[in-house]
Amino acid sequence: MQPSATTGGLNQQQIEAVETREGPVLVLAGAGSGKTRVITHRIAYLIQEAGVRPEQILAVTFTNKAAGEMKSRVVQMLSGQRMTGAPLLSTFHSFCVRVLRRDIEAAGGGFTRNFTIYDDDDQARVIRGIRKELMIDDKSLTDRQTLSSISWAKSRSISPAGYANIGDQPSERNEKIAQIYKVYQEKLELANALDFDDLLIKTVDLLIKAAGVRSKYHERFRHVMIDEFQDTNGIQYELARLIVTNSTSNERAALDEAGLWSNRSLFVVGDIDQSVYSWRGSDFNIILGFQHDFAGTRTIRLEQNYRSTQTILDAANRIIENNSRRLPKTLYASEKAGQGDKIRYYQSYDGEGEAMWVAERIQESLRRSHNARCAVLYRANSQSRLFEESLRRRGVPYNIVGGFSFYERAEVKDLIAYLKLSLNPHDDIALLRVINSPPRGIGKTTQEALLESQRDLGVSLWATIAAAVQARTVSPRAGRALDEFREIIGGLARRVESGEGVAELVKASSIDTGYIQALKEENSKEAEGRLMNIEELVNAAAEAERQRESLRDFIDHAALVADTDQYREDARVTLMTMHSAKGLEFPIVFIVGLEEGIFPHSRAYESEADLEEERRLCYVAITRAQKNLYISHAMKRRTFGEETAAEPSRFLNELPAELIEDVSPGPSWLKFRELPSSYSSKPERPAGGHTAYRDGQSRLKNTTNYKGKTYNSAESVGEFLAGRARKVATSSSQGQGHQNAGDAPGSLKVGSRVRHERYGQGVVLNCEGTGDDAKITVSFPGFGQKKFIAKYAGLEKVTR
DNA sequence: TTTAGTACACTTTTT
DNA sequence: GTGTACTAAA
């Protein structure tokens with residue numbers, strides 16, 4: 001037996017984190033600093049050495065995948081140990097489902113524990129229905145936009161009425177959204193359905209209203225841990241706080257109660273620089289406020305990186321330095337990792353060329369090493385296609401995460417809808433989904449009539465159908481068809497009640513409903529694929545049954561699995577978005593499509609905060625790499641079939657040349673960037689017409705038609721620095737100790753404009769020291785960052 | 001009522 | 001290039 005099974009191989013800070021048994025603990029953990037290790041070790045430590053009962057531990061993650069991985073690691077660490085219970089490792093959402101399935105009725109309100117979960121597809125259908133009903137056909141207001149507005153409002157506890165009054169003046173748009181929002185909530189309640197936001201909101205609601213339930217969880221979970229804490233939103237934080245403090249007031253005084261922290265802890269681990277989900281309501285200010293919210297918080301920093309080479313970390317550090325809203329931190333490579341290879345950069349003529357290059361490099365790496373693992377990371381799922389094609393052409397097997405997941409396939413969703421109905425017939429969305437699939441004579445007219453009378457009755461569609469059949473308000477033929485449908489659902493419900501197994505029930509949902517029959521008769525290749533998917537679903541059900549899951553569990557699982565959960569660790573080549581890659585690591589990483597508008601995404605242009613989030617995403621992507629990092633971009637790209645010139649991403653410009661090896665054939669944008677030239681004090685942007693890039697000479701003559709601000713225009717850099725200066729001032733007054741860049745009094749200040757005889761106008765990014773010997777870093781549009789010693793540089797101050 | 005064909009809008013990231 | 005929504009014909 002080792003001296004300490006639970007802290008062996010950990011560094012000082014990690015050990016401190018693991019061994020802190022009580023109180024609020026905030027771990028600021030950089031990428032690759034052994035975050036997961038710390039959490040798993042701490043769980044093991046609490047159980048083995050602090051005498052904590054396993055079931056008193058709750059560890060929350062953001063993906064099922066992370067929870068599963070943590071679970072298996074903990075099990076491994078505790079193997080041989082006789083355990084009375086097991087720690088609960090789960091996502092926020094599945095934790096909430098668990099709580100609500102038990103106790104939702106205690107919250108009052110119309111929901112029963114038999115509720116259905118609506119995923120975003122279901123949500124979109126609800127919205128579509130409402131828009132039809134309210135006759136809102138505004139093309140500038142898409143379902144998705146409406147949905148995200150509603151979600152935004154919900155996660156901030158804004159009611160429909162409140163939403164209408166949001167903003168400075170009443171807007172027609174907001175009123176429309178508010179109107180849809182109101183009906184949306186009514187529809188969900190009628191259907192006994194909760195969407196993802198509701199799962200969290202209802203749980204918080206329950207814990208606030210039902211003191212008994214709250215105490216129960218407070219007593220049970222004495223040690224709560226939250227992974228990826230920077231991704232928590234206000235409601236999730238509230239949830240954790242309710243469980244830990246058992247208090248509904250946010251008063252700090254309540255937390256100081258004697259004995260609260262005795263044999264109790266709240267242990268959160270996060271990294272502001274990896275906060276990339278603000279669009280989903282997450283708010284990294286929660287991390288910043290944690291110490292304030294919880295008196296006596298112990299803060300531990302992990303900056304030692306165990307994953308990547310120094311080159312990769314340098315790149316990551318340099319990128320993230322450009323953000324103003326952060327707690328400064330620098331990652332250090334372990335000695336073992338060393339400096340490593342330079343980052344390889346490739347500029348291709350078009351998107352296809354980029355994909356071919358990537359596929360070639362992957363094939364090369366796989367040949368060279370038998371256990372090489374590569375990842376291709378892109379900003380948006382739609383970028384995957386080209387890479388899939390190029391890899392397929394070369395016969396390289398790959399695993400793709402995201403896009404169309406198994407549980408999103410129509411036939412799978414159909415069968416699940418049948419099963420949902422057998423448990424909760426009032427689920428209108430499920431009912432509409434399958435009422436006529438396979439076709440059974442309940443067409444548009446009948447459905448429309450049903451929806452019409454539903455409006456008068458104000459009950460679920462299921463109840464409406466019963467009433468319609470009874471009152472004979474539909475044609476006899478439709479009536480017979482509806483009866484048949486009711487019989488199908490009723491039959492399934494009886495099977496459920498008689499306790500049949502999950503696999504048996506899934507089979508029944510495909511046979512009794514005529515679904516399989518219809519597909520077989522279709523006799524097409526497509527139908528064959530669907531049949532195979534159904535078979536796959538039955539297999540999944542059999543597996544669930546083996547795990548002693550109920551039908552309910554099985555359906556919940558189908559609703560809550562994320563795309564990231566498709567990730568297979570053993571795959572040699574993985575294609576996925578940068579978001580999905582968070583928390584993972586690969587020896588070889590390709591970051592592709594480094595182009596303005598794609599990455600950073602054009603939607604982020606509107607605000608500096610959004611751009612910083614893109615930059616954090618870039619930081620996340622870079623830090624996934626262990627040994628080799630490849631970055632690439634194309635000069636033109638087809639979108640829809642339309643060819644468009646692409647401008648290199650600003651993030652490329654933020655990488656220092658000494659970390660990069662340019663492997664592009666011929667002249668590249670990067671070489672141009674580094675090229676000292678005196679022909680322009682008002683440099684041309686190299687990103688103009690793509691044709692210019694076929695040879696260097698015409699490129700140099702090429703002038704850009706680019707207008708407006710760019711990332712490295714003097715204006716935007718100046719603006720950015722002004723923002724940073726503000727931030728620095730406020731954070732240091734709060735004692736957060738940002739190392740301020742020393743200003744040379746009276747001479748050059750950070751943010752001031754200077755002219756260089758060679759590079760033209762630029763903006764001072766950093767000053768080290770003062771006077772003539774000061775080291776000055778300047779960013780020049782089109783040339784990147786340059787460092788000078790003040791007295792030799794001959795910089796001329798520019799005043800506007 | 002069903003189905004086949006055509007126009008069209010759309011592309012961030014996800015529990 | 002792709003999935004969905006609408007329209008016309010069987």
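Lettering follows sequence order; numbering is per chain, from 1. All values derive from a computational prediction rather than experimental measurement.
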task = Provide the distance between the two C1' atoms, one in B:dT13 and one in C:dT4, to the nearest whole Å.
result = 23 Å
May I ask you to verify if any side-chain N or O of A:Asn381 is less than 4.0 angstrom from the OP1 or OP2 atom of B:dT13? yes
When A:Gln447 and A:Leu617 are each assigned the nearest nucleotide of DNA chain B, the 5'-most assignment goes to A:Gln447
Using atom types as modelled, flag every donor-acceptor pair under 3.5 Å from a side chain in residues 200-207 of chain A to any protein atom, sequence neighbours excluded.
| unit_1 | atom_1 | unit_2 | atom_2 | d |
| --- | --- | --- | --- | --- |
| A:Thr203 | OG1 | A:Leu199 | O | 2.6 |
| A:Asp205 | OD1 | A:Lys209 | NZ | 3.4 |
| A:Asp205 | OD2 | A:Lys209 | NZ | 3.2 |

Exercise for the section: Decide yes or no for A:Asp556 and A:Arg101: does some side-chain heavy atom of the first lie under 4.5 Å from some side-chain heavy atom of the second? Expected result: yes
In whole angstroms, the gap separating P of C:dC6 from CD of A:Glu448 amounts to 11 Å
Atom CG of A:Asp231 and atom P of B:dT15 are separated, to the nearest Å, by 11 Å
Picking from B:dT13, C:dA5, B:dT15, the nucleotide nearest the side-chain atoms of A:Arg280 would be B:dT15
From CG of A:Leu584 across to C1' of B:dT13 the rounded distance in Å is 15 Å
Of the listed B:dT13, B:dT15, C:dA5, the closest approach to the A:Trp279 side chain comes from B:dT13
Among B:dT15, C:dA5, C:dG1, the one nearest any side-chain atom of A:Arg385 is C:dG1
- Compare side-chain N and O positions of A:Thr577 against OP1 and OP2 of B:dT14 and report whether any pair is under 4.0 Å apart. yes
Separation of B:dT14 atom C1' from A:Asn64 atom CG, nearest Å, is 12 Å
Rounded to whole Å, the CZ-P distance (A:Arg638 to B:dC10) equals 21 Å
Quiz item: Using a cut-off of 4.0 Å on non-hydrogen atoms, how would the nucleic acid contact of A:Thr446 be classed: base, sugar-phosphate, or nothing?
Solution: sugar-phosphate
Of the listed B:dC10, B:dT13, C:dG1, the closest approach to the A:His579 side chain comes from B:dT13
Separation of B:dT14 atom C1' from A:Glu613 atom CD, nearest Å, is 12 Å
Ring of A:Phe62 versus six-membered ring of B:dT15: centres under 5.5 Å and planes under 30°?
-> no
query = Got a salt bridge between A:Arg486 and A:Asp483, using NZ or NE/NH1/NH2 to carboxylate O under 4.0 Å?
reply = yes
query = B:dT14 phosphate, OP1 or OP2: any side-chain N/O from A:Ser580 under 4.0 angstrom?
reply = yes
Produce the list of close N/O pairs, under 3.5 Å, pairing protein atoms with atoms of nucleotides 2-5 of chain B; give distances to one decimal.
| unit_1 | atom_1 | unit_2 | atom_2 | d |
| --- | --- | --- | --- | --- |
| B:dT2 | OP1 | A:Gly441 | N | 2.9 |
| B:dT2 | OP2 | A:Asn436 | ND2 | 2.9 |

Separation of B:dT13 atom C1' from A:Arg144 atom CZ, nearest Å, is 12 Å
To the nearest angstrom, the CG-P distance between A:Asp227 and B:dT15 comes to 14 Å
Self-check item: Residues A:Arg241, A:Glu238: salt bridge by 4.0 Å N-O rule
Solution: yes
ask   = Checking all strands, does A:Phe196 fall into the base, sugar-phosphate, or nothing category for heavy-atom contacts under 4.0 angstrom?
value = base
Walking DNA chain C from its 5' end, the first of A:Arg128 and A:Glu389 to be reached, judged by nearest nucleotide, is A:Glu389
query = Can you tell if the side chain of A:Val224 reaches within under 4.5 Å of the side chain of A:Phe267, non-hydrogen atoms only?
reply = no
Residues at least two apart in sequence or cross-chain that pass salt bridge (charged side-chain N to carboxylate O under 4.0 Å, His left out) with A:Asp610, listed by chain then number, are none
Picking from B:dC10, B:dT14, C:dG1, the nucleotide nearest the side-chain atoms of A:Thr142 would be B:dC10
Fit a plane to each ring of A:Trp279 and A:His579, take the angle between them on a 0 to 90° scale, and name the class: parallel (under 30°), tilted (30 to 60°) or perpendicular (over 60°).
perpendicular
Open item on the list: Tell me whether A:Arg637 is salt-bridged to A:Asp350, with the criterion being a basic N under 4.0 Å from an acidic carboxylate O.
Closed with: no
